[in-house]
Protein chains: 2
Amino acid sequence: MDSSKTRRDVRREETYQAIKAAAHQQMAAGGTAAVSLRGIAAHMRMSAAAIYRYFESRDALITALILDSFNALGDALEQAHHTAQGNAVQRLIAVLETYRAWAVAHPIDFQLIYGNPIPDYHAPPELTVPAVIRGFVVIIGLIEECLHSTHYTPRAPYAEIPPSMRERLEARIQQDGYTVSPLALYLGVVGWSQLHGIIMLELFNHLQPIVGDSAQYYTVQMHLMLSAFGLTMP
Amino acid sequence: MDSSKTRRDVRREETYQAIKAAAHQQMAAGGTAAVSLRGIAAHMRMSAAAIYRYFESRDALITALILDSFNALGDALEQAHHTAQGNAVQRLIAVLETYRAWAVAHPIDFQLIYGNPIPDYHAPPELTVPAVIRGFVVIIGLIEECLHSTHYTPRAPYAEIPPSMRERLEARIQQDGYTVSPLALYLGVVGWSQLHGIIMLELFNHLQPIVGDSAQYYTVQMHLMLSAFGLTMP
DNA sequence: TGTTAACAGTTTACACCGTTAACTAAATTT
DNA sequence: AAATTTAGTTAACGGTGTAAACTGTTAACA
């Protein structure tokens, strides 16, 4: 045999992806509840039951979609990292703008990642955690780079980690074998939680009635935050 | 007749509330998707169709639940406002702690408010916006009070509203007839979006693996934020 | 190369869902 | 006491995910 990829395997992979694509399309149009096996099947001109050859259940399909979303966000961040120009601060800003841009371009996916519709349910951590880390690592790495650059001058209160958290962060770093400084991780978390709030409120249209242009609001607040961290803005 | 409350009206109100209670229970157990009219009906030992005497549709039921959640949060904040002791800053802190406490105590309701889990569905703004404002007004009012107290000394970059947003905020205030200063509204939005991010990440357990004690993290970050605003912490 | 086993797909059926329509029984109003 | 409003019923329709039994097709092996 020429190799592992038999004709059938190729075809299988194709329809596997086609099912996910159709499902994703339905989801983008109407949310997770709008994903219907019969609808997908009709769109692909096959019977609904056939999907069970590819996914154990509807939940399994949606789990796969969630996983794809995790990775798509990770890809977007990594790609932004690679194409970003300028000094470390400028590149950090570019990546953080990409983060929001991806969220508003893929609101359903973003929601899937950061808000599970079903209590108790958690997408398999052994798969999602690495995906989340992929994106996180880009940002933390850039922060670390910023901290070592000439564009950083320590500035209270972000020059040091709050004593109540130091130990925990250091433990986390050692446990997972990261190669970042605790301060970079701390600033990463602080930045993440702040920007996350803005994006979430924007996605649900809670922000626009007050601030108007939410993209601008995001940019402004991000810049304020980074300079509060001690970075000199370009 | 003795008055407006006929025996039937009382009974109607009772089952009306009972339906919502059952729905809320189902939702807490399995998410919004798990709210089934037949399930509720079975739990109440009546037929599913009977629910249509009380709610126009399943969506209407869920809208009622959302509205209840909005009002419950508003109640909690108003009550915290009334019972809070100390100077303006201390009372503001107390209310903001209540905000998070309510969110973690009622995660489902908080999600209903800030994370629309239902595809296509948007809660009617003419009902939700006033409910949002009720809670918001408490916080903005307290900020305003802080700004006029001896515990405030303007501090860059939060001493002024970013030029790009000034006009919009002032328009909003005039349009809705609020009696707050633009700066108080601005700081309110900034604070809201920052704290919202922390709470959201906490609700989905994204924060705890990194920071450990998320309640403490919230408190620390809130204090940092308020002193960045120019408030002197007690 | 012909046989066998795995596999993609079908049809059918089941239990559940929201919703509507026609109807009954009880409470209120007149 | 009669008329009317209303809370409830049952039955049905079209939709859903899913399991089982079955039918061809494809790949692997003697």
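Numbered from 1 within each chain, the chains take letters A, B, ... in sequence-line order.
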Within residues 45-55 of chain A: residues closer than 4.0 Å to DNA chain D (heavy atoms)
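When residues 45-55 of chain A is checked for heavy atoms under 4.0 Å from DNA chain D, the hits, listed by number, are A:A49, A:Y52.
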Test item: [X] and [Y] side chains (from C-beta on) under 4.5 Å apart, heavy atoms:
{"X": "A:M225", "Y": "B:Q194", "answer": "no"}
{"X": "B:Y217", "Y": "B:Q208", "answer": "no"}
{"X": "A:E13", "Y": "A:Q17", "answer": "yes"}
{"X": "A:I140", "Y": "A:Y178", "answer": "no"}
{"X": "A:V190", "Y": "B:L224", "answer": "no"}

I need the [atom1]-[atom2] distance between [X] and [N], as an integer number of Å.
{"X": "A:L37", "N": "C:dC17", "atom1": "CG", "atom2": "C1'", "value": "15 Å"}
{"X": "B:R8", "N": "C:dT29", "atom1": "CZ", "atom2": "C1'", "value": "9 Å"}
{"X": "A:R58", "N": "D:dT18", "atom1": "CZ", "atom2": "P", "value": "8 Å"}
{"X": "B:Q26", "N": "C:dG18", "atom1": "CD", "atom2": "P", "value": "9 Å"}
{"X": "B:I40", "N": "C:dT19", "atom1": "CD1", "atom2": "P", "value": "11 Å"}

Quick one: side-chain contact (heavy atoms from CB on, under 4.5 Å) partners of A:V137, sequence neighbours excluded?
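A:V137 satisfies side-chain contact (heavy atoms from CB on, under 4.5 Å) with A:I133 once adjacent residues are dropped.
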When you measure from every atom of DNA chain C, which of residues 10-24 of chain A have a heavy atom less than 4.0 Å away?
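Listed by number, they are A:R11, A:R12.
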Between C:dT28, D:dG17, C:dC17, spot the one nearest the side chain of A:S36, thanks.
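Between C:dT28, D:dG17, C:dC17, the one nearest the side chain of A:S36 would be D:dG17.
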Nearest-nucleotide pick for B:R38, side chain only, options being C:dC17, D:dT18, D:dT6:
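For the B:R38 side chain, the nearest candidate turns out to be C:dC17.
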Going by the angle between their ring planes, with limits at 30° and 60°, are A:Y54 and A:Y16 parallel, tilted or perpendicular?
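Ring orientation of A:Y54 relative to A:Y16: tilted.
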Side-chain donor/acceptor of B:R168 to backbone N/O of A:D213, under 3.5 Å:
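Answer holds: no.
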